[in-house]
Asker: 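So that we are looking at the same thing, I have put the structure below in structure tokens.
Note that the coordinates shown come from a computational prediction; the quantities given were computed from them, not determined experimentally. Residue numbers start from 1 in every chain, and the chains themselves are labelled A, B, ... in the order their sequence lines are given, proteins ahead of strands.
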Amino acid sequence: MFRHTMLFLGYELRLTLRNPVWPLFGILQPVLYLLLFAPLVANTTVGGTMGDTLRLFTPGVLMMIALFGSLFVGFGMINEIRNGYLERLAVSPAWRPAIVLGRTMRDMLVLVLQALLVIGLAWLMGMRASAPGVLVMLVLMAATGLLASGLSYGLALALRDENGMSQIMQFFALPLILLTGIMLPMSLAPQWMQTVAHFNPLYHAVEAGRSLFDGDFTDGSIPLAFGLTLALGALTLTWSVSSMNKLAG
Amino acid sequence: MIIEAHGLRKTFTAKRGRGKTEQVEAVKGVDLEVEAGQIFAVLGPNGAGKTTTIRMLATLIPPTSGTAIVAGHDVTRDPGKVRENIGYVGQAGGVDENSPGREGIILAARIGGMSRKQAETRSEELLTAFSLTEFADRPIKTLSGGQKRRFALAIGLVNRPPLFFLDEPTTGLDPQNRANLWDEVRALRKQGTSVLLTTHYLEEADALCDRLVIIDHGLVVAEGTPDDLKKEIAGDVVTLRLGESANEPAQALLSAEPYVRDVRTEDETLRVYVDDGEHNLPHLLRALEAGGLGIQSISLDRATLDDVFLRHTGRSLRDAD
Ligand SMILES: Nc1ncnc2c1ncn2[C@@H]1O[C@H](COP(=O)(O)OP(=O)(O)OP(=O)(O)O)[C@@H](O)[C@H]1O
Ligand SMILES: [Mg+2]
């Protein structure tokens, strides 16, 4: 079982390495935010120095990659259902959960690498953050990847339709992003928005990221973010694995 | 018996939109017995239930009712064991479009339990056997339909399964590639592999298989070797064109002749099934002349599986849907 998961992971990683353009392209938009939006915020009354602004801003940008990158991984799978690839894997001796697990692990690895690139860039622009905090943040990124790609594969296997899937994602992605305080801290938002934001797991992840980058490991948002992300991640992963198990029921 | 299926049924619940559902009886009770080492064909028109049948046998979907023992194991109780003993190439092919074919073959080999080294050796063997070496390192999506199909076959055969399922393996292939594929399937039989394939090409079933079933609307309508099935309906068929008004009297007249087995009208023509056509054609001509019926055109052919299909379903497979 573990062997099969590793085999699929290796296969998918080789595929990604053969075409590393896409994951690189995937961080382009967040990087633009970093380059264009951070200086803008730094100039307003909210921000302090460029370094402070970046420390506030980068965790949000990281969550944006996690969300936008991993939520879309399921699109490829719809095609794999249609051209019979998954069907063939399903009647091969492969352990079925490995088909999803291998991919999810690939997605998590890619996400961590993307995050490292973005953090490196922020560092070059003058951000200074707590190194252990950054490490823990990478783990949180991986957990968010688990949540998002589990959700994406689950949706792909349930809907099997690109149109339906992009509608649903459009519907969720924007409010999720706005209510995380990626652009600006939610403390600037009116009370009702802050209340709503508390129901958004990404909000807590960004808050946790900010505390971690500040080197503050005591903040309550950290266990909350980990707890929420891992619990939801386990849920979406279970969903996608069980959909895979009854692929052609 | 490598496959023994009894009373296989599959009813799908299909969505009709607005929350309504519809019951589709795709397969309505199919019995199949395939002997080890045979090429066995399931012949039928579009929507007959071929894919659904093969999917149940390959453990992809559970039957609504009925039993099937495939390669010695029950498909519902022991699907894992069945999967270890079969290769399956679906109607859509089922190769990963993004990776090169070599990677796909190696992955399939390793999933089947081979070491990295064994897998590489095996992939070389298959690439050579299917003349794919030169395309082995290009992403599959850059290959032609025929090349993709050959990769699909290679991947299906990687673990040397004793039983190989092929769903419409030659659809979309040119005559050259179709003939090659037939040769490859025959080569499999020579190595002792049993093959179950589906097709809607009469010629294919005729040329390739040892035994076949004809299915229509989810039911088996005929079963046997191609020769037996054709003999059942007489060996030869005379196709006559007499003009619209003469069809009925001619049918009555010819049915009375002792060497005529059956007469059927199809569009404007009459198909007359006769034993030993070469000898009896002159008799038939004389009978028509004596009845005062003029002939516009006439031809004598060997009966085909289409005639078998026509006999059992009242339709021709060529225009059935
Ligand atoms: N998943 C499904 N849900 C609902 N109906 C289905 C499903 N799969 C097949 N059917 C229906 O079952 C019937 C048999 O389909 P099947 O795919 O087995 O036919 P086939 O003989 O393989 O045809 P073809 O030659 O076109 O491939 C068809 O009427 C089809 O519409
Ligand atoms: Mg079919």
Asker: Test B:Phe165 against A:Val91 for side chain to side chain contact (heavy atoms under 4.5 Å, CB included), laying out the working first.
Answerer: CA-CA 11 Å; B:Phe165 289 107; A:Val91 296; over 6 Å; no
Asker: Is any residue of residues 63-79 of chain B within less than 4.5 Å of chain A by heavy atoms, and which ones?
Answerer: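 From residues 63-79 of chain B, none sit under 4.5 Å of chain A.
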Asker: Who in residues 137-162 of chain B is close to chain A, using a strict under-4.5 Å heavy-atom cut-off?
Answerer: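 From residues 137-162 of chain B, the residues near chain A are B:Ile155.
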Asker: Specify which of B:Glu103, B:Glu84, B:Gln91 makes the most heavy-atom pairs with chain A at under 4.5 Å.
Answerer: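 Winner by heavy-atom pair count: B:Glu103.
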Asker: Under 3.5 Å, which donor-acceptor pairs do the side chains of residues 164-177 of chain A form with other protein atoms, sequence neighbours left out?
Answerer:
{"from": "A:Ser166", "atom 1": "OG", "to": "A:Glu162", "atom 2": "O", "distance (Å)": "3.2"}
{"from": "A:Ser166", "atom 1": "OG", "to": "A:Asn163", "atom 2": "O", "distance (Å)": "3.1"}

Asker: Can you list the residues of residues 77-86 of chain A that sit under 4.5 Å from chain B, counting heavy atoms only?
Answerer: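 So the qualifying residues are A:Glu80, A:Arg82, A:Asn83, A:Gly84, A:Tyr85.
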Asker: Could you give me the CA-CA distance, side-chain angles and deciding distance for B:Ile111 and A:Phe8, then say whether side chain to side chain contact (heavy atoms under 4.5 Å, CB included) is met?
Answerer: CA-CA 9 Å; B:Ile111 293 288; A:Phe8 279 111; 3.6 Å; yes
Asker: Between B:Ala58, B:Ser99, B:Gly104, which has the largest tally of heavy atom pairs under 4.5 Å with chain A?
Answerer: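 Winner by heavy-atom pair count: B:Ser99.
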Asker: Go through A:Met6 and B:Arg110 one step at a time and tell me if the side chain to side chain contact (heavy atoms under 4.5 Å, CB included) criterion holds.
Answerer: CA-CA 11 Å; A:Met6 287 301 124; B:Arg110 301 214 59 199; over 6 Å; no
Asker: Looking at B:Lys28, I want to see if its NZ is surrounded by more than 12 non-hydrogen atoms of other residues, nucleotides or ligands under 6.0 Å.
Answerer: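 Count over threshold, so yes.
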Asker: Identify which of B:Ile86, B:Asp96, B:Thr59, B:Val89 forms the greatest number of heavy-atom pairs closer than 4.5 Å to chain A.
Answerer: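 Answer, by heavy-atom pair count under 4.5 Å with chain A: B:Asp96.
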Asker: Quick check against the 3.5 Å criterion: does A:Arg88 have a side-chain atom that pairs as donor or acceptor with the backbone of B:Gly94?
Answerer: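 Such a contact is found between A:Arg88 side chain and B:Gly94 backbone.
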Asker: How many angstroms lie between atom CD1 of B:Ile106 and atom CG of A:Leu7, to the nearest 0.5 angstrom?
Answerer: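 Answer rounded to 0.5 Å: 11.5 Å.
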